[in-house]
Participant: 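Take a look at the following structure, please.
In what follows, chains carry the letters A, B, and so on, assigned in the order in which the sequence lines appear, proteins first and then strands, with residues in each chain numbered from 1. The structure presented is a predicted model; accordingly, all values stated were derived computationally and were not measured. These numbers come from the heavy atoms of this one structure, side chains and all, not from hydrogens, waters or symmetry mates.
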Amino acid sequence: MARARAVQGLPRPRRGVRGPACRHHRGAARPRPDATRPSRGHRGRSVRALGVPRARAVRRRGGAPPGHHLHGTHAPDPRAHGRRRAPRARRRALRSPLGAHRAAGLARLAAGLHAGLDGRAAHLRGARPRRPRACRRGAARAPRGARAATAGAPGGEPWVRPTIRPRRFAMTSAPTPHGTRATAVRTRFAPSPTGDPHVGNIRTALWAWLFARRSGGQFLLRLEDTDQSRAVPGSLARIEASLRWLGVDWDEGPDVGGPYAPYVQSERLEGYRAATDRLVAQGDAYPCFCTSERLDQLRKAQQAAKQPPGYDGLCASIPPAEAAQRAASEPHVVRFHMPDEGTTTFEDLLRGSITVENRLLDDFVILKSDGYPTYHLAHPVDDEAMQITHVIRGEEWLPSAPRHVRIFDALGYTRPVYVHNSVILGPDGGKLSKRHGARFVLEYAEDGYVPEALFNYLVGLGWSLDDHTEVIHPARMLEVFDITRLSVTPAVFDTQKLEWMNGVYLRDDALISPDRLVELFADRLDRDLPPEAPRPIDRELVRALVPLVRERIKTLAELPSMVDFFFTGAITPPARETLLGKPFRNDPEAARRGIEGARRFLAATSEWTPPAIEGALRAAAEELGQKPGDVFMLCRVGITGRAVTPPLFESMALIGRETCLARIDAARALLEG
RNA sequence: GGCGCAUUCGUCUAGUGGCCCAGGACACCGCCCUCUCAAGGCGGAGAUCACGGGUUCGAAUCCCGUAUGCGCUACCA
């Protein structure tokens, strides 16, 4: 029977409205006051899959002809009729009908008692953008109308207008005053080479990639290796491997190059130097000769005095000529000069307009004494140079975004659109840690997750398409991803849900093709099966195994121990207790009879197919006067060595008559001993 | 301490002033199906929308405050 599936693109009735397919329900339902309100369970636990074109989705469970509407194939459990209950909320409502309140209010409204509504309702007309969550910064916030009109930050770019962007993200950008910005979206993933990429970082990369690809733009990879002390050798390869495993590609990057090469920051030092020189010449930056000792003291003093910590601007007062002279010979850093007064405002696509007071931002370092830039400088310089239109990064950057924006402005660059996404938390609400499963992408590969499933899960952690779609194949994601629907609240990583999703991918042909599944299985078996299993792994056997085990595992890691007895000639004999099991615990003699009977009938079958085997075993049980299930279990344990296995008859058919009979003989010997 | 961001079932989320005393999913519980285990079907429990004020005929939704969590406060990114 085909499962009912909600496939994206189908019109989906809202609550209380059901398609014609539900007629049989409605017709049979008892007429009760709340009958118009279908139970929420009605839609059932069907997997909402989005991974495939509609027709395939309908057909894939083998049942319905293409013409059939999804719901039409949904054969309800007849027992469900007549005991349909109203949803929980509705039941409560029936107990205490508060709805009267609302009705009264509406009546008064209708009576025209409150004409003021018109004004308030005005903003409801027309399509409104997704409202940025953060709307509580009163002071610096312009009235809604004004904001929409000017949109850009003070001194910012008019084309950066996240707060009035239509909900379905339109990929247009207006020309800047200075010229025309490339229309194509360009995003980047810019990790620092400090080891394996964390799932949190990768999730951000996934979103950035999806966003770029979805809008026909480019995605690039850039290495942020400006802190030599933290660099971990081999990181870049791990980063690239993680992305590739998930199916993410990049148009430009350290390995493939591109028009803005190099894509490694340590190879772009001249650019930062030049930008710094310009800023110094303009008076926006200055060399600072303060020692780290002085800085430490300063910080301590400020802490003691309960003042906000930060550089006190001592070196800003050195006359430029003198500073330049000293800079030629003395070690120094370069600091960006932040104004002492006023505010800095920038727009975040998700959070709206954010304003901070300049006096709270100190003169931060942009160029370190070793000649490397800090992130604060490298980000504006490189993202301008590489024509990045949207900066998608973690929210830990939110507090320093005003600094970045000031550098963009000072250098005359075009500000990118900022998207600061939230973090991923561990199950305890703290940081994700090894205790609760993996942290690194490639660890999930080890653990037997398929990349499509991890991709799907990660993208959906903090993002949703709508109120009901969970399973969206990466290929489909490319068509439906909408970055404005990112959630800003931190999300807890739920390994159980990932496992579930992995299972969904494993057992659905439309999500993972049978051929690919065979490869996935074979690779895993080759890796994890004991050495005595012959190599190469028998692909045809694997192919035959797929339908037997795919719905019994959640990860590939569970596979080898579930099917090893298909591949090894001998099995480890079961314990006597296991063989007897509950039914024969006190009657080994009956067990022996059962096994012998089974053997006799099996040996006598003319063909060795699942139905024939089943028939033989049932016949044996009947002759012996034993329960079929008990005889089955005897065979199961005897042939496989364990009590939990894939379906018995199919398994026996694959194992072959000779091997099965031999193992049964061994089991019988066990009972006699 | 200061600043910033956030707060809807245990968890992920839907939600943009009336279709919501809140919908979906994972997990959990029960029943059905069944050769074990799964998968699947059906059902259930689970959120006074962090709290307190305010605006409004009407607030999860708008405003203010409080609490809590997280982040930043480096010559790290």
Participant: Describe the nucleic acid contact of A:P646 in one word from base, sugar-phosphate, nothing, applying a heavy-atom distance below 4.0 Å.
Facilitator: base
Participant: Is B:C26 paired to anything, Watson-Crick or G-U wobble with both distances less than 3.5 Å, and if yes, which nucleotide?
Facilitator: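 Its partner is B:G10 (Watson-Crick or G-U wobble, both distances under 3.5 Å).
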Participant: NA contact type, A:G394, heavy-atom cut-off 4.0 Å: base, sugar-phosphate, or nothing?
Facilitator: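 Here A:G394 touches no strand at all.
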Participant: Would you measure the distance from the C1' atom in B:C31 across to the matching atom in B:A67 and give it in whole Å?
Facilitator: 44 Å
Participant: Rounding to a whole Å, what distance do you find between A:E499:CD and B:C28:P?
Facilitator: 10 Å
Participant: If you check every side-chain atom of A:Y375, which of B:C12, B:A77, B:G4 has the closest atom?
Facilitator: B:A77
Participant: Quick one: is B:A14 close enough that its OP1 or OP2 comes under 4.0 Å of any side-chain N or O from A:S464?
Facilitator: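 Answer is yes, contact under 4.0 Å.
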Participant: Can you tell which of B:U36, B:C12, B:C75 lies closest to the side chain of A:V644?
Facilitator: B:U36
Participant: What nucleic acid atoms does A:E650 come within less than 4.0 Å of, heavy atoms only: base, sugar-phosphate, or nothing?
Facilitator: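 Base, at least one base atom sits under 4.0 Å.
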Participant: Specify the separation, in whole Å, of atom CD of A:E470 and atom P of B:G24.
Facilitator: 12 Å
Participant: Do A:N502 and A:T555 meet the criterion of a side-chain donor-acceptor pair at a distance under 3.5 Å?
Facilitator: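 There is no such pair (donor and acceptor under 3.5 Å, judged by atom type) between the side chains of A:N502 and A:T555.
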Participant: Could you write out each protein N or O paired with an N or O of nucleotides 67-73 of chain B at a distance under 3.5 Å?
Facilitator:
none

Participant: Heavy atoms under 4.0 Å, any strand shown: does A:S369 hit a base, just sugar-phosphate, or nothing?
Facilitator: base
Participant: Take atom P in B:A27 and the same atom in B:G41, then report the distance between them in whole Å.
Facilitator: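 That atom pair is separated by 12 Å.
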Participant: Would you mind reading off the distance between A:K497 atom NZ and B:C12 atom P, rounded to a whole angstrom?
Facilitator: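 To the nearest whole Å, that distance equals 10 Å.
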Participant: When the C1' atoms of B:A59 and B:C21 are considered, how many whole Å apart are they?
Facilitator: 13 Å
Participant: Reckon A:R636 has a side-chain N or O less than 4.0 Å from the OP1 or OP2 of B:C37?
Facilitator: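 Checking A:R636 against B:C37: no side-chain N or O falls below 4.0 Å of OP1 or OP2.
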Participant: At 4.0 Å (heavy atoms only), tell me whether A:Y372 reaches a base, stays on the sugar-phosphate, or touches nothing.
Facilitator: nothing
Participant: Tell me whether the side-chain N/O atoms of A:R507 come closer than 4.0 Å to OP1 or OP2 in B:G40.
Facilitator: yes
Participant: Determine, stepwise, if the pair A:D362 / A:R403 fulfils salt bridge (Lys or Arg N to Asp or Glu O under 4.0 Å).
Facilitator: CA-CA 9 Å; A:D362 70 346; A:R403 298 176 162 164; 2.9 Å; yes
Participant: Using heavy-atom distances to pick each residue's nearest nucleotide on RNA chain B, tell me which of A:T645 and A:R230 is more 5'.
Facilitator: A:T645
Participant: Please enumerate all residues that pass side chain to side chain donor-acceptor pair (under 3.5 Å) together with A:D428, with sequence neighbours excluded.
Facilitator: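 Residues passing side chain to side chain donor-acceptor pair (under 3.5 Å) with A:D428: none at all.
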Participant: On a whole-Å scale, what distance lies between the C1' atoms belonging to B:C51 and B:U68?
Facilitator: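 10 Å, rounded to whole Å.
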Participant: Closer than 4.0 Å, any side-chain N/O of A:R485 to the OP1 or OP2 of B:G15?
Facilitator: yes
Participant: Nearest-Å distance, CG (A:L361) to P (B:G2)?
Facilitator: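 Rounding to the nearest Å, CG of A:L361 and P of B:G2 are 17 Å apart.
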Participant: Can you tell me how far P in B:C49 sits from the matching atom in B:U8, rounded to whole Å?
Facilitator: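 Each nucleotide's P atom is 12 Å from the other's.
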Participant: Using the C1' atom as the point on both nucleotides, what is the distance between B:U7 and B:G52, in whole Å?
Facilitator: 15 Å
Participant: Is A:T226 close enough to B:A77 that one of its side-chain N or O atoms is under 4.0 Å from OP1 or OP2 there?
Facilitator: yes
Participant: Looking across every strand, which nucleic acid part, if any, lies under 4.0 Å from A:V492 by heavy atom: base, sugar-phosphate, or nothing?
Facilitator: sugar-phosphate
Participant: RNA chain B: A:M562 or A:C290, which has the more 5' nearest nucleotide?
Facilitator: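 It is A:M562, whose closest nucleotide lies nearer the 5' terminus.
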Participant: Between B:C19 and B:G23, how far apart are the two P atoms, rounded to whole Å?
Facilitator: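 These two P atoms come out 12 Å apart once rounded.
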Participant: Give the nucleotide from the list B:C12, B:G24, B:A77 with an atom nearest to the side chain of A:D227.
Facilitator: B:A77
Participant: Is a salt bridge present between A:R230 and A:D227, judged by a nitrogen-to-oxygen distance below 4.0 Å?
Facilitator: yes
Participant: Please state how far atom CD1 in A:I366 lies from atom C1' in B:A77, giving the value in whole angstrom units.
Facilitator: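 About 17 Å, once rounded to whole Å.
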Participant: When all nucleic acid strands are considered with a 4.0 Å heavy-atom cut-off, which category describes A:P647: base, sugar-phosphate, or nothing?
Facilitator: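 Touches a base.
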Participant: A:W500 CH2 to B:C28 C1': how many Å, rounded?
Facilitator: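 Distance check: A:W500 CH2 to B:C28 C1' gives 16 Å.
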Participant: Between A:Q496 (CD) and B:C9 (P), how many Å, whole number?
Facilitator: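 Nearest whole value for this atom pair: 18 Å.
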Participant: With a 4.0 Å limit, can you tell me whether A:K368 has a side-chain N or O closer than that to the phosphate oxygens OP1/OP2 of B:A77?
Facilitator: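 For B:A77, OP1 or OP2 has a side-chain N or O of A:K368 closer than 4.0 Å.
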Participant: Tell me which nucleotide, if any, is Watson-Crick or G-U wobble paired with B:U73 when both distances must be under 3.5 Å.
Facilitator: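 WC or wobble partner is B:G1.
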Participant: Under the ring-ring contact (aromatic ring centres under 6.0 Å, His included) test, which residues partner A:Y272, sequence neighbours left out?
Facilitator: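 For A:Y272, no residue satisfies ring-ring contact (aromatic ring centres under 6.0 Å, His included) once neighbours in sequence are set aside.
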Participant: Hey, could you give me each pair passing side-chain hydrogen bond (donor to acceptor under 3.5 Å, both in side chains) that has a residue in residues 610-620 of chain A? Not counting sequence neighbours.
Facilitator: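 Qualifying pairs, neighbours excluded: A:E614-A:R618.
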Participant: Applying ring-ring contact (aromatic ring centres under 6.0 Å, His included), can you list everything that pairs with A:Y457, at least two apart in sequence or on another chain?
Facilitator: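 Only A:F493 meet the ring-ring contact (aromatic ring centres under 6.0 Å, His included) criterion with A:Y457.
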Participant: Hey, can you tell me if A:W397 and A:Y375 have their rings parallel, tilted or perpendicular (30° and 60° cut-offs)?
Facilitator: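 Because their plane-to-plane angle is under 30°, the rings of A:W397 and A:Y375 count as parallel.
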Participant: Which is true for A:A643 with a 4.0 Å heavy-atom rule: it touches a base, it touches only sugar-phosphate, or it touches nothing?
Facilitator: base
Participant: Run the side-chain donor-acceptor check on residues 629-638 of chain A: report pairs under 3.5 Å with partners two or more places apart or on a different chain.
Facilitator:
from: A:R636; atom 1: NH1; to: A:T645; atom 2: OG1; distance (Å): 2.7

Participant: Checking the side chain of A:T204 only, and the main-chain atoms of A:G394 only, is there a donor and an acceptor separated by less than 3.5 Å?
Facilitator: no
Participant: Using whole Å, report how far CZ of A:F336 lies from C1' of B:C75.
Facilitator: 17 Å
